[in-house]
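Please read the structure below before turning to the comments.
Computed over heavy atoms, backbone and side chain alike; hydrogens, waters and symmetry mates excluded. To find a chain, count down the sequence lines: A is the first, B the second, and so on, and within it residues start at 1. This structure is a prediction, so every number in the text was calculated from the model and none was measured.
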Number of protein chains: 2
Amino acid sequence: MQQIVGRSHLKVTCSVCSLRELCMPLGLSDAEMELLESLSSPKSTFKRGDFLYRSGDRFTSLYAIRMGFFKTQVLHEDGREQVTGFQMAGEIIGLDAISSDIHACDAIALEDCEVCELPFAQLESLSRDLPILQRHLHKLMSREIVRDQSIMLLLGSMRAEERLAAFLLNLSERFTARGYSPTQFQLRMSREEIGSYLGLKLETVSRAFSHFQEIGLIKVQVKSIHILNPAGLQECLNKSR
Amino acid sequence: MQQIVGRSHLKVTCSVCSLRELCMPLGLSDAEMELLESLSSPKSTFKRGDFLYRSGDRFTSLYAIRMGFFKTQVLHEDGREQVTGFQMAGEIIGLDAISSDIHACDAIALEDCEVCELPFAQLESLSRDLPILQRHLHKLMSREIVRDQSIMLLLGSMRAEERLAAFLLNLSERFTARGYSPTQFQLRMSREEIGSYLGLKLETVSRAFSHFQEIGLIKVQVKSIHILNPAGLQECLNKSR
DNA sequence: CGCAACGTTGAAATTCCTCAATTCACGTGG
DNA sequence: CCACGTGAATTGAGGAATTTCAACGTTGCG
């Protein structure tokens, strides 16, 4: 541990950051925790529509989202774009860029956001001394792979309403994990963005919302969602063709 | 470096392994290289249809494919399955399992295969001493994320023939990288497996192959593919709706 | 208050899927 | 070595899901 402390050539700036929360369950010692926090830069803020980073930008840092919602999207040469994810407070964004040191997608704020920068070089260096952090980083990246694969399952083998049901249930889970209501929440993204994420056109998304409301599964008021029958949604999801 | 060698409590078994090839471009010293190789277990072999691992299996190792083709697939409760990738010689398989120490998908041999086991705990430990290996591991995982995102783009916003064109061009690239012909190769997977991967039914895949042949882009003889006009395929890919 | 962006709904068009009939490729056994 | 059988691939026709196009409603901001 002395060895580790001796390595503290890191700038000490931010006191509270998602990183702390993220590593809470790891059961680190106070000294280790302090070290971790020394890594975080000050929080920075973003307004709706601001880019956290752009495809092609040089990669230097991961970002821990402290507040707000982002979307990530990849662009095809011909102008088509695909939303690859919606990231909320408590999640880490930017893992895709490690592979080439260049960001592979755009990250755009969907509302007012606050993030903590995590310089990746320092994170790598630190994780050589803290096996528990190393492990955590690996799990983060692997979890992203698993998440992407479940979206491939969704895009490859589900029909429109199943996709939307899966989307709503996933949001619900994540809100729950953050201490918000599992059944009532505000969407931060447009129908078009949901459609892009789910591989559907915005009209199809809108119709699916309306249909779910008709059959009493949810109540929709534009961006405000109230899940009335979570089990019903789950059922709709498991219903094979 | 003494420190590193002192840590050699790893079993020494396999002499030549994909790991070596994978790390070739890293410019390691001979000593570092030897250390890396000490990590690899003996090669094991698989016949068509064999499972390299199953969803739910305990995770212990990554695998470097030395020879042959695998597919990975995720299963949905209701029985639907989605092929999430085809892995060929020189590629690493199993990264998804790190997140939970349980394999999240099945990996199945599509032909006779040979793999090298890479015990992950040892890989993690070693990568703490070899920053260059650490970096490489991170890039591997990140590359997988980027790859998955490009499949999301494919599944979410391309039509049937564009998907197949993208698939063929991707295979072509990977064969090229391995020193095989970019224009003539054997498919190791069935139409149904291709369809699952591309989010299409097998009949649609078959029709797309036939159409590509009609318009002179490729020559198909069931599993044998000859790309006659790569630029034409690329063009078909860039053609937005 | 009015404009502009976003969302909803309907009808027609298109793509892809389903079902079904053949054909083809390949391995096994006569 | 060939015939046969089986599973895979191809092809066609009809139908279903989703997209496209278009009109109209709603929301919220300047």
Side-chain angles (χ1 to χ4, degrees), chain A residues 47-49 71 80-83 108 110-112 154-168 186-215 218-226 236 239-241, chain B residues 47-49 71 80-83 108 110-112 154-168 186-215 218-226 236 239-241:
Chain A
K47 290 197 301 292
R48 172 172 175 76
K71 69 169 175 182
R80 271 179 290 193
E81 57 191 44
Q82 169 77 26
V83 172
I108 302 170
L110 293 176
E111 59 179 333
D112 290 352
L154 179 147
L155 291 173
S157 60
M158 290 185 187
R159 35 189 47 208
E161 296 199 349
E162 294 175 314
R163 295 184 199 188
L164 189 64
F167 173 69
L168 290 173
Q186 296 288 337
L187 297 175
R188 302 299 145 98
M189 62 294 280
S190 69
R191 298 294 188 262
E192 183 162 19
E193 286 163 334
I194 296 173
S196 171
Y197 180 60
L198 298 179
L200 302 169
K201 292 295 156 187
L202 67 93
E203 295 94 331
T204 307
V205 173
S206 179
R207 278 185 249 269
F209 270 127
S210 299
H211 184 228
F212 281 165
Q213 179 161 252
E214 268 172 40
I215 61 180
I218 63 176
K219 172 138 183 29
V220 193
Q221 180 60 268
V222 192
K223 303 237 171 186
S224 157
I225 301 292
H226 188 174
C236 149
K239 198 175 304 162
S240 185
R241 330 195 156 194
Chain B
K47 291 198 299 291
R48 173 173 175 75
K71 70 169 174 180
R80 271 178 291 192
E81 56 190 46
Q82 169 77 25
V83 171
I108 302 170
L110 293 176
E111 60 179 333
D112 290 352
L154 178 146
L155 291 172
S157 60
M158 291 185 187
R159 32 186 52 204
E161 295 198 349
E162 294 175 315
R163 295 183 199 188
L164 189 65
F167 173 69
L168 290 173
Q186 294 287 120
L187 297 176
R188 302 300 146 99
M189 62 294 282
S190 69
R191 298 292 188 262
E192 183 163 19
E193 286 163 334
I194 297 172
S196 171
Y197 181 60
L198 299 178
L200 302 170
K201 291 296 155 185
L202 66 93
E203 294 95 330
T204 306
V205 173
S206 180
R207 278 185 250 270
F209 270 127
S210 299
H211 184 228
F212 282 166
Q213 179 161 252
E214 269 171 39
I215 61 181
I218 62 176
K219 173 141 184 22
V220 193
Q221 179 62 271
V222 191
K223 304 236 170 186
S224 157
I225 301 292
H226 189 172
C236 148
K239 196 174 306 163
S240 185
R241 329 198 155 193

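With rounding to the nearest 0.5 angstrom, the CG atom of B:L187 is 5.0 Å from the CZ atom of B:F209.
Counting any heavy atom pair closer than 4.0 Å across all strands shown, A:G199 reaches sugar-phosphate atoms only and no base atom.
Using modelled atom types, one side-chain atom of B:Q82 and one backbone atom of B:S196 make a donor-acceptor pair closer than 3.5 Å. Formation of a donor-acceptor pair under 3.5 Å by the B:R48 side chain with backbone atoms of B:L110 is found in this model. A distance-only check finds no donor-acceptor pair linking the side chain of A:S206 to the backbone of A:L202 [under 3.5 Å]. Listed for the B:R191 side chain is a donor-acceptor partner under 3.5 Å among the backbone atoms of B:V222.
Nearest approach of B:G199 to B:L155, heavy atoms of both residues: N-CD2, 3.7 Å. Pairing each heavy atom of A:V83 with each of A:K71, the nearest pair is CG2-CD, 4.3 Å.
Counting non-hydrogen atoms of other residues, nucleotides and ligands closer than 6.0 Å to CD of A:E111 gives a total above 12. The environment of CD in A:E192 is sparse: at most 12 heavy-atom neighbours from other residues, nucleotides or ligands sit within 6.0 Å.
Of the residues near DNA chain C, A:L202 and B:T204, the one whose nearest nucleotide (by heavy atom distance) lies more toward the 5' end is A:L202.
Side-chain N/O atoms of A:R207 and base N/O atoms of C:dG7 include no donor-acceptor pair closer than 3.5 Å.
Taking side-chain N and O atoms only, A:S210 has a distance below 4.0 Å to OP1 or OP2 of C:dT9. Distances shorter than 4.0 Å separate some side-chain N or O of B:R191 from OP1 or OP2 on D:dT10.
With rounding to whole Å, A:E203 atom CD is found 9 Å from D:dC21 atom C1'. For the pair B:L198 CG and C:dC17 P, the computed distance is 11 Å after rounding to whole Å. Protein atom CD of B:E214 is 12 Å distant from nucleotide atom C1' of D:dT10, rounded to whole Å. Between A:R159 atom CZ and D:dT19 atom P there is a gap of 12 Å when expressed in whole angstrom units. D:dA8 atom P lies 15 Å from atom CG of B:L187, rounded to whole Å. Computed from coordinates, the B:L200 CG to D:dT18 C1' distance equals 14 Å when rounded to whole Å. We find that NZ of A:K201 is positioned 13 Å from C1' of C:dT15, with the value rounded to whole Å. For B:H211 and C:dC16, the NE2 to P distance is 12 Å, given to the nearest whole Å.
Annotation: proximity of residues 218-225 of chain B to DNA chain D (heavy atom, distance under 4.0 Å) is found for B:V222, B:K223, numbered in ascending order.
Annotation: the terminal axes of the helix from C:dC1-D:dG30 to C:dG30-D:dC1 meet at 40°, where each axis is the rotation carrying the C1' atoms of four end pairs onto the next four (5 pairs per end, rounded to 10°).
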